[in-house]
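This report refers to the structure that appears directly beneath it.
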Amino acid sequence: MTPAASQDSAASTVDVVIVGAGFAGMYLIHKLRKEGFSVRAFEGGSGVGGTWYWNRYPGCRVDVVSMEYSYQFSEELQQEWEWSEKYATQPELLAYANHVADRFDLRKDIQFHTRVTAASYAEDSGRWMVRTDKGDSISAQFFILATGTLSTTNLPAFPGLDSFEGPTYHTGQWPHEPVDFTGKRVGIIGTGSSSCQSIPHLAEQAEHLTIFQRTANYVIPAHNEPVAAEEIQKIKANYNEFRQRNQQYPFAFFYETTNKTAQEVSDEEREREYEAAWQRGGLMFLGTFTDLITNHDSNVTAQAFFRRKLAEIVQDPETAKTLMPDFAIGCKRLIVGTDYYETYNRKNVTLVSVKDNPIENITPNGIVVNGTEHEFDAIVYATGFDAISGPITSIDIKGREGRSIRDKWADGARCYLGLMAAGFPNLFTITGPGSPSVLSNMIKSIEQHVEFVSDCIVDLRDKGHTVIEADADAEEAWRAHVDEIAEQTLYKSCNSWYLGSNIPGKPRVFTTYIGWPQYATEIEQVVADNYPGFIVDKPALAENA
Ligand code: NA7
């Protein structure tokens with residue numbers, strides 16, 4: 001904890017408590033301070049950066065182009081920072097986060113090593129009482145969750161989990177010091193993005209690497225490269241124009257597209273376009289045609305192209321077969337990788353499918369599948385996150401009448417516009433359930449939400465109001481709208497963390513709004529129309545009676 005933070009912790013009343021010091025929390029601190037609010041942020045880690053603080057596994061990097069995956073609220077900041085690679089590595093992203101924290105003097109309002117454990121709303125005072133694992137009790141008018149979407153790790157309850165005698169790692173909670181796997185037999189569970197990014201690096205080091213795969217995924221080559229100095233200069237000469245153009249794209253970042261459906265082109269043209277997209281690499285292979293995530297038949301054409309590519313790379317036909325995904329491409333988030341499939345041509349790599357024979361248990365020596373014990377010196381859990389709502393429900397939050405958010409969301413998380421949950425006044429969720437969040441350029445979505453929240457509470461203050469909350473009917477209409485759009489796509493056709501189906505017992509609900517850039521316009525309209533769907537200064541029930 002910094003000296004400033006410990007001094008601050010003496011104060012027990014602030015205007016705003018912020019949970020998290022990732023990209024959302026950092027910008028909130030800066031923006032709200034500028035508007036004259038007193039703020040206190042709590043952060044579980046020892047530093048800023050959120051996702052990029054925790055996910056330090058080898059090979060970790062962002063899957064959105066760095067020149068776009070960065071703040072745009074400060075022209076000076078975007079001019080002075082130099083990205084070195086097309087897709088920034090985790091260390092570079094963390095260096096950027098630290099640079100922002102230094103530049104805007106953010107750390108003095110962050111209490112590190114501290115997790116918010118509970119928060120309750122008092123109807124009589126209209127304030128939140130927030131409690132932490134370090135014993136803090138702090139009263140705030142506004143309570144803002146900048147908790148991220150992929151920050152609560154998922155560690156499946158394998159029988160014997162704690163019995164393994166060697167070291168274990170979770171990709172989402174990787175140690176700060178380098179881990180050396182040289183000469184070790186390593187087992188890794190999971191084949192999501194974290195695993196697929198780290199596998200080529202682990203295979204380089206380990207004596208032998210065994211990968212336990214439940215669901216084969218689609219990994220598209222990144223074709224990562226240094227960003228050319230001329231390219232940087234060109235963008236920086238008109239950075240705002242570049243940002244404005246990119247924000248008009250679905251997902252809020254630029255990508256090349258034919259602007260045609262896969263159905264309206266000849267087989268030859270389709271193949272040519274897929275090949276060009278494969279050579280460009282990246283997430284937006286899926287944007288080659290406009291209907292890949294909405295039309296099953298179109299999606300099948302992309303799957304077929306992908307399978308041909310995979311079969312060309314992986315030499316052993318049995319391994320190639322096991323690596324072939326069997327669901328709609330893009331239904332789970334595409335993975336952007338480097339040398340992923342090539343790694344399976346190494347002699348020190350083995351793939352074990354646990355699709356039909358789930359992991360039975362963990363033993364002191366390794367992992368048991370189908371009655372066979374695989375022995376390891378180290379195990380890596382790349383088993384993902386309780387995404388989107390998980391970081392919020394991990395806090396014991398109680399709103400009006402003491403109702404808990406866990407109970408409210410027992411059948412699925414919902415927030416009006418992804419920003420506020422009915423019955424939880426003055427609580428805002430940055431990139432919360434029901435917003436474009438993970439289906440958009442996260443940094444852009446974060447900035448948009450932070451600016452909305454800031455404008456909203458300034459407006460309340462200017463008009464002499466103290467409390468704002470979502471109307472229950474507006475929230476329900478928004479939930480139905482989010483679901484209705486998801487129904488028109490293939491996103492619900494497989495199991496994924498988008499749906500919460502990676503977490504046993506979690507309701508299967510699609511909580512991401514597929515609708516950038518309309519969403520940005522809708523939000524602007526809400527502000528212009530004086531916040532329809534929100535209730536200001538609603539009296540407590542007792543006063544209503
Ligand atoms: P993901 O994408 O959720 O991947 C987790 C992986 O772990 C995935 O392959 C899971 O298989 C696997 N998993 C989870 N539980 C089990 C059990 N019980 N047995 C076997 N395998 C299991 O998390 P990541 O950290 O890789 O990536 C998250 C996002 O971060 C990513 O999409 C990017 O946006 C960045 P499953 O597919 O559920 O069958």
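Atom set for the values below is all heavy atoms of this structure, side chains included, hydrogens, waters and symmetry mates excluded.
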Between Phe424 and Tyr121, does the ring centre distance come in under 6.0 Å? no
Minimum heavy-atom distance between Tyr57 and Ser193, given as atom pair plus value: OH-O, 4.3 Å
Report the relative orientation of the aromatic rings in Phe452 and Phe534; use parallel for angles under 30°, tilted for 30 to 60°, perpendicular for over 60°. tilted
Mind telling me whether Trp478 and Tyr519 have parallel, tilted or perpendicular rings, with 30° and 60° as the class edges? tilted
Between the side chains of Gln247 and Gln72, is a donor N or O closer than 3.5 angstrom to an acceptor N or O? yes
Going by side-chain contact (heavy atoms from CB on, under 4.5 Å), Val467 matches just one of Val536, Ile535, Asp537, Leu460. Which one? Asp537
Basic-acidic side-chain contact under 4.0 Å: Arg461, Asp15: no
Does Glu475 pair with Arg479 as a salt bridge, N-O distance under 4.0 Å? no
Tell me yes or no: between the side chains of Thr89 and Arg61, is some donor less than 3.5 Å from an acceptor? no
Side-chain ion pair, Glu476 and Arg414, N-O less than 4.0 Å: yes
Near His176 NE2, under 6.0 Å, is it more than 12 heavy atoms from other residues, nucleotides or ligands? yes
Just checking, is any N or O donor in the side chain of Thr132 or Thr114 under 3.5 Å from an acceptor N or O on the other one? no
Does a side chain donor of either Tyr27 or Glu451 reach within less than 3.5 Å of an acceptor in the other side chain? yes
With distance as the sole criterion, is a donor-acceptor pair present between the side chains of Tyr513 and Glu522 under 3.5 Å? yes
From Leu292 CG over to Ile329 CD1, what is the distance, rounded to the nearest 0.5 angstrom? 8.0 Å
